[in-house]
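Chain A is the first sequence line, chain B the second, and so forth, proteins listed ahead of strands; every chain is numbered from 1.
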Amino acid sequence: MLNKNYNHKEIEEVLLKEFYEVNKIEPKFKNPSYSIVIPPPNVTGSLHMGHALNNTIQDFLVRYHLLKGYDSVWFIGTDHAGIATQNVVEKKLLKEGIKRKDLSKEEFLKYIWDWKEEYGNIILEQFKKLGIYAYFDKARFTMDEEYTKAVKKAFVHLFNKGYIYKGKRVINWCSRCLTSLSDLEVVHKEKENNLYYVKYKLEDEEDYLIIATTRPETILADTAVAVNPKDQRYIKYINKRVFVPIVNRLVPIVGVEEVDISFGTGVLKITPAHDFNDYKIYKKLKERGIDIDIINIFTKEACINLEDSKYYGLDRFKAREEIVKDLEQMGLLVKVESHRSNIGHCYRCDNIIEPYYSDQWFIRMDKNDPLIGRAIEVVKSDKIKFYPSVFKKVVLDWYENIEDWCVSRQIVWGHRIPVFYCKDCLNIWADERDEVKNCIKCNSDNIYQEEDVLDTWFSSALWPFAVMFWPDIDKFNKYKTFYYPTNVLTTAREILFLWVSRMIFMSLEFINDIPFKDVIIHAVILAPSGKRMSKSLGTGIDPLELIEKYGADSTRMGLILQVGESQDVKFNYEKIEMAKNFINKIWNSIRYYQFRLSSNYDFKYKLKDKDLVNLINSWILIKTLYLIENLERYVKEYKFFDYVMSLYHFVWNVFCDWYLEFTKFIELEEFKDTIEIIIKVILVYLHPIVPFVSYYIYKNLFNEIILDININDLVDNLNKRIDDMENVKAIDNLIELIKFIRPYVNDLLFVSKQNNIKLENVFIHLQGLEKLFKDNYISDLLNIISIFTKSKITELSDDQSFNKYYDLYYNDVLIRIFIEKDLIDFYRNYILKELNNKIQQKEKIEKLLSNNEFINKANLDVIENYKKELSQINEIITKNNQILNLLRN
RNA sequence: GGGCGGAUAGCUCAGUGGUUAGAGCGCUUGCCUUACAAGCAGGAGGUCACAGGUUCAAUUCCUGUUCCGCCCA
């Protein structure tokens with residue numbers, strides 16, 4: 001027998017052992033199969049709300065398909081997360097008084113590896129607390145030995161195909177992490193800053209051009225000034241020259257169409273080394289044969305590198321202050337305006353990004369190449385489907401406007417780029433071998449390897465096939481037969497481009513197949529305030545705390561309950577409570593059944609008609625079939641919210657509220673088989689949402705492991721049990737009738753109490769039940785109705801105190817409610833209210849029906865429905881008027 | 001600047017071209033009825049952001065406005 005109340009702590013801790021130590025979770029290489037790869041969490045990470053939701057959804061799908069008889073496998077692991085991890089370790093070392101600068105590359109790497117060995121699996125242990133059914137024994141790591149082979153193989157392949165090149169470009173530079181970043185790793189934030197208007201003196205003239213800039217420190221790197229050739233104000237200056245202030249460098253004035261006439265003064269200073277737009281203009285000018293200089297004025301730390309300058313060694317912001325001060329002194333600063341603009345920040349350390357001219361490795365991303373072209377094709381043709389579908393367009397737009405991918409990073413933690421340089425013959429080649437000692441061209445041993453490492457997203461782009469041991473072809477093919485492409489990828493929007501879109505083209509390139517069939521993009525859960533959940537802002541809610549307080553089951557279910565399709569939601573504790581209460585409800589419904597199993601039960605009333613008993617059983621079985629039909633559809637459409645809600649309402653409002661109550665009039669043997677199958681269905685379909693409690697109850701009640709059950713067999717059994725399909729509607733009618741009567745009874749009791757009138761029972765009389773129910777049920781039904789509505793059912797009353805009554809109709813059943821004479825006044829008002837209500841409805845419908853256009857154009861069944869309704873309303877109105885007359889006496 | 005999404009009960013959110021627009025929580029009335037007070041039976045609470053349009057009919061479809069959020073540059 002279960003305890004009185006559900007307590008997650010008694011269940012979950014015990015079951016965790018059973019889930020992960022006793023039962024082996026591993027691929028069985030059987031058909032039908034189902035597979036998912038996890039978005040690998042960062043090794044530095046700890047379980048946050050996004051993970052909790054994301055993994056709940058995946059676990060739902062994995063467990064659901066297990067129960068459907070699939071060989072359902074969830075591949076998991078962690079991501080080395082290059083910069084993020086390096087930063088974490090760097091900070092930790094600093095706390096211990098160890099500076100990164102004082103360490104050799106090898107020493108630093110050793111520290112990071114040690115850190116990884118110690119802390120790197122914490123997040124997976126945290127995932128277990130959610131109860132996820134994943135292939136933990138083979139949890140992969142993006143820098144494990146086999147994975148590294150995949151990365152090298154992929155790089156060499158792309159290199160040899162000519163997709164990878166090294167180039168000097170302006171890239172995003174983080175002067176704190178000391179590395180380049182891809183465009184996607186830069187977070188733009190709108191900020192208030194100053195717009196400085198600065199005079200640039202013309203050569204040989206006493207005239208000035210005034211230029212607005214937000215970054216006066218970059219004046220030091222100006223190598224041209226540009227105006228729009230359509231701008232009448234400035235046409236005359238094109239091809240003249242100006243002096244760059246402070247450095248007094250003579251630079252040309254060029255005409256460039258990209259210059260925004262309306263911004264600032266319409267004159268733009270060109271700083272090709274430290275501005276993306278300026279760099280573009282620089283390249284464009286070069287195509288036109290105009291060669292301007294590129295001057296890099298910053299060190300890697302973003303300090304001024306000009307040795308003979310007075311600003312030498314100053315940080316970029318300090319330099320800005322000084323330069324503004326000097327410009328003012330020289331009388332060259334015209335004015336300062338405040339201005340809002342978007343500024344790029346490092347997505348790992350939030351430092352302001354510096355556009356920086358340097359040597360980097362790129363992958364050519366061109367929609368006309370097969371690499372991207374094939375990705376576009378599979379998305380366009382829905383070979384990969386997005387849920388919700390809007391993301392199809394979002395991804396396609398990104399592919400269509402894609403830019404080359406900067407994949408080199410100047411950090412130590414990552415896959416070292418497998419490119420080698422020969423100092424003798426100057427050969428440069430990519431090599432996937434573990435040890436490379438000689439030049440492949442001239443055999444010289446005077447070679448060295450590239451120092452840069454790869455963008456962490458390069459390795460994660462290979463994830464779906466690398467976790468299945470590609471490029472070990474024998475091993476991979478074994479997995480591929482059953483698990484590739486994977487069925488679905490579940491993720492948040494923010495890594496759609498960083499990760500999802502890249503996996504697609506990598507998989508097409510290397511496996512010649514899509515990596516997954518469906519992509520679910522789920523909502524983001526915001527803090528209750530509507531802000532992003534963030535540890536640093538203190539707005540985060542820790543799922544581990546939720547699990548501790550409410551249990552993993554309630555947390556999982558509560559998360560699904562608050563997340564619709566992809567609309568972001570504010571975190572809602574009430575939904576977690578709702579889930580917990582629901583679990584308690586199920587728990588207690590099982591307790592009731594156990595109670596019936598184990599003791600003699602005193603009936604208040606026992607149903608006499610066996611047909612009615614069968615009907616009640618058939619009724620719940622059919623309701624269950626409808627439920628299952630809906631649930632299966634919701635899974636196919638990835639409508640988890642609808643899945644959970646329909647189970648919720650079925651369990652609570654159908655199974656508990658009605659079926660269990662009905663069984664209180666029925667002998668155990670007469671409903672045992674039925675209730676067992678219903679309970680099994682409920683628990684099995686609940687299992688993907690609340691694995692712990694469903695597992696626990698199933699074992700407690702049936703002494704079986706829920707995961708050994710096959711839903712399909714269960715449903716077959718259920719179908720066999722139904723023996724009265726046709727009359728099953730009668731039970732719905734009974735329920736509706738009871739619900740219809742209840743408020744009236746409740747009101748009478750309430751009014752009597754208010755007026756200090758003793759009213760032991762409300763008396764009602766029912767007529768015409770035979771119109772809705774079979775004759776032989778009726779005496780049973782009268783008793784049921786009496787108990788459920790807490791009223792006494794009479795034939796007719798001769799008692800003088802009940803000589804007033806009024807009549808209600810439910811379909812064709814007349815419900816006569818007897819009224820004590822002291823309550824008559826109250827009831828008159830009650831009926832008047834009812835009457836007014838009906839009259840309003842009547843007028844509305846009559847108006848509609850007298851509208852010719854409505855009659856001509858509306859659907860026939862719509863019109864019929866209105867007509868039917870009108871006649872019903874009319875009947876009620878007539879009756880009520882009669883009653884009012886009666887009550888007036 | 002370009003694109004996308006949202007605005008529905010006090011709160012968090014579902015939903016729908018056609019009777020009276022729903023849920024949970026909150027509020028409220030009555031019940032400790034032998035599964036459950038984490039419960040049971042009731043009740044109150046909505047100009048479906050605003051303005052136009054399409055339609056016999058709009059909260060739902062279209063356009064615009066305002067506000068909020070996200071993505072890209």
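If you measure from atom CG of Leu396(A) to atom P of C72(B), you get 16 Å, rounded to the nearest angstrom. Atom CZ in Arg532(A) sits roughly 7 Å away from atom P in C70(B) (whole-Å rounding). Between Phe391(A) atom CZ and G3(B) atom P there is a gap of 18 Å when expressed in whole angstrom units. Atom pair Glu869(A):CD and U20(B):P shows a separation of 6 Å (rounding to whole Å applied). Atom P of nucleotide U55(B) and atom CG of Asn851(A) are separated by 14 Å, given to the nearest angstrom. Taking atom CG of residue Asp657(A) and atom C1' of nucleotide G39(B), one finds them 11 Å apart after rounding to whole Å. Between the CG atom of Leu849(A) and the P atom of G18(B) there is a distance of 17 Å, rounded to whole Å. The separation between Glu853(A) atom CD and U55(B) atom C1' is 10 Å, rounded to whole Å.
Rounded to the nearest Å, the gap between the P atom of U63(B) and that of G26(B) is 41 Å. Separation of the P atoms belonging to G15(B) and C56(B) is 29 Å when rounded to the nearest angstrom. Nucleotides U55(B) and G18(B) are separated by 12 Å at their C1' atoms, to the nearest Å. Nucleotides A21(B) and U8(B) are separated by 8 Å at their C1' atoms, to the nearest Å. For the C1' atom pair drawn from G69(B) and G43(B), the interatomic distance equals 37 Å after rounding to whole Å. Comparing the same atom, P, in C32(B) and in A38(B) gives a spacing of 16 Å after rounding to whole Å. The gap from the C1' atom of U29(B) to that of G5(B) amounts to 42 Å, rounded to the nearest Å. Using atom P as the reference point in both U60(B) and A7(B), the two lie 11 Å apart (nearest Å).
Residues Trp658(A) and Phe788(A) have side chains in contact (heavy-atom distance under 4.5 Å, counting atoms from C-beta outward). By the 4.5 Å heavy-atom criterion applied to side chains, Met533(A) and Leu526(A) are not counted as neighbours.
Side-chain proximity of Tyr866(A) to the nucleotides C70(B), G18(B), G24(B) is greatest for G18(B). When distances are taken from the side chain of Asp568(A) to each of G18(B), G69(B), A35(B), the shortest belongs to G69(B). Side-chain proximity of Asn746(A) to G42(B), A38(B), G39(B): nearest is G42(B). Considering only the side chain of Lys570(A), U12(B) comes nearest among G24(B), A41(B), U12(B). The Val390(A) side chain lies nearest to G5(B) when the options are G5(B), G18(B), G39(B). When distances run from any side-chain atom of Glu574(A) to the nucleotides G24(B), C40(B), G18(B), the shortest one goes to G24(B). Candidate nucleotides C72(B), G42(B), C36(B) were compared by shortest atom distance to the side chain of Arg742(A), and G42(B) ranks first. The side chain of Val862(A) approaches G18(B) more closely than any other nucleotide in the set G18(B), U12(B), C36(B). Set against A35(B), G18(B), G43(B), the side chain of Cys656(A) has A35(B) as its closest nucleotide. Listed nucleotides: C13(B), C40(B), G69(B). Nearest to the side chain of Val569(A): C13(B).
Salt bridge absent: Lys284(A) and Asp278(A) never bring a charged side-chain N and a carboxylate O closer than 4.0 Å. Ion pairing between a basic and an acidic side chain is recognised when a charged N comes within 4.0 Å of a carboxylate O; Asp568(A) and Arg493(A) show such pairing. The pair Glu667(A)-Lys606(A) meets the salt-bridge criterion, with a side-chain N (NZ, NE, NH1 or NH2) lying under 4.0 Å from an Asp/Glu carboxylate O.
Taking the six-membered ring where the residue is Trp, the centroids of Phe603(A) and Tyr601(A) are separated by under 6.0 Å.
Distances shown here put a side-chain N or O of Asn581(A) below 4.0 Å from the OP1 or OP2 atom of G39(B). The phosphate of A35(B) (OP1 or OP2) has a side-chain N or O of Lys664(A) nearer than 4.0 angstrom. One finds no side-chain N or O of Lys790(A) lying less than 4.0 angstrom from the OP1 or OP2 phosphate oxygen of G30(B). Under 4.0 angstrom from either OP1 or OP2 of C4(B) there lies no side-chain N or O belonging to Trp398(A).
The backbone N or O of Lys868(A) sits less than 3.5 Å from a side-chain atom of Ser871(A), completing a donor-acceptor pair.
G46(B): no Watson-Crick or G-U partner with both key distances under 3.5 Å is found in any strand. Across every strand in view, U12(B) sits in a pair with A23(B) that passes the Watson-Crick or G-U test at under 3.5 angstrom. Nucleotide C70(B) has G3(B) as its partner under the Watson-Crick or G-U criteria, with both atom distances under 3.5 Å.
Ranked by how close their nearest RNA chain B nucleotide is to the 5' end, Asn572(A) and Asn865(A) are led by Asn572(A). Comparing Lys844(A) and Asn7(A) against RNA chain B, the residue whose closest nucleotide sits nearer the 5' end is Lys844(A).
Residue contacts for Lys393(A): at a heavy-atom cut-off of 4.0 Å it reaches no nucleic acid atom on any strand shown. Residue Tyr648(A) is classed as a sugar-phosphate contact, given heavy-atom separations below 4.0 Å to backbone atoms only. Lys842(A) comes within 4.0 angstrom of no nucleic acid atom, judged by non-hydrogen atoms across all strands. Among the protein residues, Tyr6(A) comes within range of the nucleic acid bases, having at least one heavy atom under 4.0 Å from a base atom. Using a 4.0 Å heavy-atom distance criterion, Phe497(A) is classed as a sugar-phosphate-only contact.
Judged by atom type and distance alone, Lys739(A) does not reach the base of A41(B) through any side-chain donor-acceptor pair under 3.5 Å. Side-chain to base pairing of Glu661(A) with A35(B): one donor and one acceptor N or O lie within less than 3.5 Å of each other.
Geometric assessment of Arg169(A) against the ring of Tyr279(A) yields a negative cation-pi assignment under the 6.0 Å and 45° thresholds.
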If you apply the rule side chain to side chain donor-acceptor pair (under 3.5 Å), what do you find for Tyr592(A) with Thr663(A), and how did you get there?
CA-CA 10 Å; Tyr592(A) 160 76; Thr663(A) 65; 2.8 Å; yes
